[in-house]
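Predicted model only: the values in this text are computed from it and were never measured. Below, each value reflects all heavy atoms present in this structure, side chains not excepted, and no hydrogens, waters or symmetry copies.
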Amino acid sequence: MALAGTSSSACLRRLNPLLFSAHRRPAWAPRRAARRFCAAAVASERDVFTSPEVAKSFDFTNEERIYKWWESQGFFKPNFERGGDPFVIPMPPPNVTGSLHMGHAMFVTLEDIMVRYFRMKGRPALWLPGTDHAGIATQLVVEKMLAAEGIKKTDLTREEFTRRVWEWKEKYGSTITNQIKRLGASCDWSREHFTLDEQLSRAVVEAFVRLHEKGLIYQGSYLVNWSPNLQTAVSDLEVEYSEEPGNLYFIKYRVAGGSRDDFMTIATTRPETLFGDVAIAVNPEDARYAKYVGKLAIVPLTFGRHVPIIADRYVDPEFGTGVLKISPGHDHNDYHIARKLGLPILNVMNKDGTLNDVAGLYSGMDRFEAREKLWSELVETNLAVKKEPYTLRVPRSQRGGEVIEPLISKQWFVTMEPLAEKALHAVEKGQLTILPERFEKIYNHWLTNIKDWCISRQLWWGHRIPVWYIVGKKCEEDYIVARSAEEALAKAQENYGKSVEIYQDPDVLDTWFSSALWPFSTLGWPDLSSEDFKHFYPATVLETGHDILFFWVARMVMMGIEFTGSVPFSYVYLHGLIRDSEGRKMSKTLGNVIDPLDTIKEYGTDALRFTLSMGTAGQDLNLSTERLTSNKAFTNKLWNAGKFLLQNLPDRSDATAWDALLANKFDTEVSLQKLPLPESWVVTGLHELIDKVSTSYDKFFFGDAAREIYDFFWGDFADWYIEASKTRLYHSGDDSASSMAQSVLLYVFENILKLLHPFMPFVTEELWQALPHRKQAIIVTPWPVTGLPMNSLSIKRFQNLQSLIRGIRNVRAEYSVEPAKRISASVVAAVDVLEYISKEKQVLALLSKLDVQSVHFSESPPDDASQSVHIVADEGLEAYLPLADMVDVSEEVKRLSKRLSKMQAEYDSLLGRLNSESFVEKAPEEIVRGVREKASEAEEKISLTKNRLAFLQSTVSS
């Protein structure tokens with residue numbers, strides 16, 4: 001993204017202007033009682049939380065208890081006390097039949113990160129949840145349930161069947177909702193919706209009526225994706241293509257009026273559709289067939305039916321024989337050619353997948369059975385040329401699994417072009433930002449080439465199409481669109497008299513039709529006076545998977561503009577797919593599906609969320625147990641840091657100590673400059689982290705924010721400052737130094753918890769509640785202030801100290817010094833460097849395992865420099881470690897000499913293999929390469945060992 005490297009507030013405002021809204025209370029904002037944010041709310045629920053003081057590690061079973069406490073306190077509802085414009089995310093409604101999978105875990109994690117961050121920033125945050133009625137999926141589930149009872153759908157009336165579906169929904173429909181809660185989703189559940197709710201159903205009918213009144217909805221017979229088993233049209237999204245072995249059939253089409261040698265051979269994967277052929281096409285530049293263009297061909301096995309031979313550039317002369325049969329009733333490409341050229345359309349298929357009367361003697365036969373029988377007869381009549389194995393791209397129903405049939409069917413459609421034009425302009429004018437930016441091209445391409453939308457489905461479960469027909473009249477000519485049956489009857493009586501009878505269209509609307517209205521139907525539309533609609537529309541962000549950019553996101557944009565005059569959200573954030581550790585798509589067939597609930601039991605919700613958040617927007621994420629294990633360890637590291645902190649803070653009842661501790665402030669340059677080096681360094685690092693992480697959150701760079709927090713907490717705070725603080729807490733004997741270290745530990749740790757809370761809400765809340773003198777829950781505590789002072793000099797100076805410590809640690813490791821052994825050191829540097837390094841003598845000694853009484857500082861090398869290991873930590877900072885303190889030199893010489901002999905022998909053996917022509921020529925290339933790499937490594941180790949041995953020998957001789 002263009003602003004990725006920009007940190008100025010002006011640029012961020014352009015990226016997301018709502019981030020920098022004035023903090024003012026809108027006139028309509030309700031005044032809420034301060035009850036929710038007071039200490040009493042926290043104190044009254046002490047039994048909810050467990051402190052690191054009494055628990056060895058964070059107990060994952062506490063997560064559900066913490067979640068219920070958050071919800072009971074009303075923290076998930078938007079709060080207007082701190083002012084600011086609302087931050088609103090409509091949840092992509094999962095299917096009511098669904099069970100939690102990693103795709104759900106991904107969107108829940110990312111959306112909860114956003115809403116928790118903006119809630120802490122003081123914005124009234126609304127995450128609007130709900131579920132989708134999932135027409136096909138739900139009907140299938142209930143049909144299977146009925147089948148287990150020995151009942152067929154056709155045994156029931158429509159009313160009886162839908163009653164059974166509602167009963168199923170009431171019993172099982174909350175499963176996915178409860179599982180989403182398990183992930184920590186801080187949604188406002190008091191506003192939860194279901195797409196068949198009364199309010200949303202009213203919105204669906206209103207949308208249909210308005211589109212029809214504008215002439216944008218029409219009925220017609222067109223080619224659709226037909227599911228023979230489900231007996232309904234299905235959307236493109238519900239069709240999955242799989243590569244499967246099949247055949248390419250080569251068939252002779254004789255040229256009418258020609259000799260026996262005048263025929264054209266076509267190649268097809270579906271010979272059974274030849275009964276629906278309306279033309280034979282060739283490329284106009286294909287000289288092989290130029291003489292036949294304009295003549296007629298005889299369709300095989302049709303008793304002499306003739307079709308024209310035409311020329312069209314669509315035909316690929318390189319595919320098959322370069323001759324294409326045009327069967328517009330059963331192929332999407334053929335359908336468009338026929339429409340373009342004005343060719344007739346023949347349908348040879350019944351809705352159950354059998355051939356109809358157009359197929360003559362094959363009528364009533366299953367399509368695949370007909371294929372085999374047809375080929376046999378073509379062979380018998382010498383019209384079959386050959387059959388070749390061919391990999392087919394087979395369209396299958398996502399729900400039922402059967403092969404989808406392109407079929408001409410009478411359906412309801414929405415004219416999309418005028419709607420798409422406005423949605424394109426929304427992106428062009430900057431009213432809508434798509435993240436990552438590269439998906440704008442895909443969005444634009446789809447809307448530019450959009451086709452009319454088939455919105456009718458031949459199901460019983462869903463929103464019934466609000467169209468009524470007149471008994472005794474043709475459906476195409478006399479139908480009524482109305483908001484209710486009563487309104488439809490009144491209209492019919494007005495036109496046809498009081499005795500008129502009407503009946504409703506049996507079809508239901510595509511599930512995506514109601515989903516397209518989701519951002520505003522859930523807020524009360526079409527009632528524009530609805531408080532929620534006025535306060536929370538348009539939304540701020542729509543977050544979802546990039547795979548439904550067309551099917552859902554674009555349609556929401558079109559419908560939002562059409563019905564409200566506004567783009568329904570300012571930003572679209574698209575995440576990628578979750579794959580296994582090898583980058584493969586998760587599937588039951590591969591056996592690589594990772595269940596989120598099982599993962600939570602083993603690793604905890606926080607570890608799972610943190611792992612999922614580490615990806616990059618729009619890119620697929622490979623999920624592995626190694627990553628989960630690593631982030632579980634991160635949770636434990638946090639817990640242990642909290643335990644250390646609590647063990648080293650004053651007693652809660654020691655008011656004097658706490659007054660002194662809390663009196664220390666770090667929000668001015670003066671206060672920062674007065675701090676000792678480690679404290680100034682870690683506080684400066686924290687202030688820098690707050691700025692970087694806040695910017696990453698604002699830009700929706702969640703993976704960057706997660707890594708920045710992780711690196712600072714583990715690499716700086718835990719590994720360095722906590723260790724350095726022990727010199728103040730245990731060894732200084734100075735109460736003021738100890739109090740300052742306690743202040744810094746608490747200040748840094750509590751801010752790390754705040755920054756981390758959107759990613760890892762449970763462990764951060766548990767730790768936060770354990771800290772003394774917390775006045776409110778972390779979920780609603782204010783976000784850390786940005787733009788705090790930094791002491792860049794302390795960063796450089798502490799880095800020098802770190803380099804010195806690392807150098808000493810490396811030497812200890814090289815010489816295998818026993819961990820508990822304390823050694824001597826002489827630190828040599830210029831006066832200005834010695835001044836700040838020497839002040840941290842205790843830190844240097846503790847972290848390097850030096851004997852503090854034997855650490856010396858000077859401007860020149862010590863007298864025993866020739867018998868010491870020399871370390872250059874940084875320019876102008878060196879150290880000398882006496883060898884005698886670390887090892888028995890004579891024994892070390894013997895050990896290294898023996899080791900060198902062994903290494904040399906191994907190296908010679910490797911060289912011998914490489915010098916052998918037969919080995920190099922005959923052995924596999926990867927084996928030879930491996931031996932070369934081993935030889936190179938051995939040569940390097942020999943050189944290092946020789947140098948160290950020479951150094952040791954020189955100290956003995958001197």
> Which atom names give the shortest non-hydrogen contact between Trp453 and Ala516, and what distance separates them?
Replying inline: CH2-CB, 4.4 Å
>> Using every non-hydrogen atom in the two residues, find where Ser515 and Trp552 come nearest and quote the distance to one decimal.
In response: O-NE1, 2.9 Å
I'd like to know whether the aromatic ring centres of [X] and [Y] sit less than 6.0 Å apart in this structure.
X      : Y      : result
Tyr67  : Phe76  : yes
Phe712 : Tyr721 : no
Phe702 : Tyr117 : no
Phe533 : Tyr537 : yes

Is there side-chain contact between [X] and [Y], with at least one heavy-atom pair below 4.5 Å?
X      : Y      : value
Leu638 : Met760 : yes
Asp236 : Phe551 : yes
Ile795 : Trp681 : yes
Ile89  : Leu128 : no
Asn79  : Val780 : no
Glu111 : Pro92  : yes
His104 : Ile176 : yes
Leu756 : Tyr710 : no

How long is the span from the [atom1] atom in [X] to the [atom2] atom in [Y], to the nearest 0.5 Å?
X      : Y      : atom1 : atom2 : value
Phe610 : Thr635 : CZ    : OG1   : 8.5 Å
Trp127 : Met114 : CH2   : CE    : 9.5 Å
Leu645 : Asn640 : CG    : CG    : 12.5 Å
Thr448 : Glu421 : OG1   : CD    : 10.0 Å

> Is Thr195 reaching over with its side chain to a backbone N or O of His133, donor-acceptor style, under 3.5 angstrom?
Replying inline: yes
Between the side chains of [Y] and [X], is the shortest nitrogen-to-carboxylate-oxygen separation below 4.0 Å, so that they form an ion pair?
X      : Y      : result
Glu531 : Lys534 : yes
Asp704 : Lys699 : no
Glu750 : Arg774 : yes

What is the ring orientation for [X] with [Y], classed by angle as parallel under 30°, tilted 30 to 60°, or perpendicular over 60°?
X     : Y      : result
Trp70 : His757 : perpendicular
Phe75 : Trp69  : perpendicular
Phe58 : Trp639 : tilted

Is it the case that the side chains of [Y] and [X] hold a donor-acceptor pair, with the cut-off being a distance below 3.5 Å and no angle test?
X      : Y      : answer
Thr611 : Asn631 : yes
Thr564 : Trp525 : no
Glu192 : Thr177 : yes
Ser235 : Asp510 : no

>> Quick check on salt bridge (charged side-chain N to carboxylate O under 4.0 Å, His left out): which of Arg182, Lys181, Arg609 does Asp112 satisfy it with?
In response: Arg609
> Taking only residues two or more places apart in sequence, or in another chain, which ones meet Arg119 in a salt bridge (Lys or Arg N to Asp or Glu O under 4.0 Å)?
Replying inline: none
>> Does Trp783 form a side chain to side chain donor-acceptor pair (under 3.5 Å) with Ser694? I'd like the steps, not just the answer.
In response: CA-CA 9 Å; Trp783 187 254; Ser694 298; 2.9 Å; yes
> side-chain contact (heavy atoms from CB on, under 4.5 Å) with Met102: which of Asp580, Asp595, Ile578?
Replying inline: Ile578
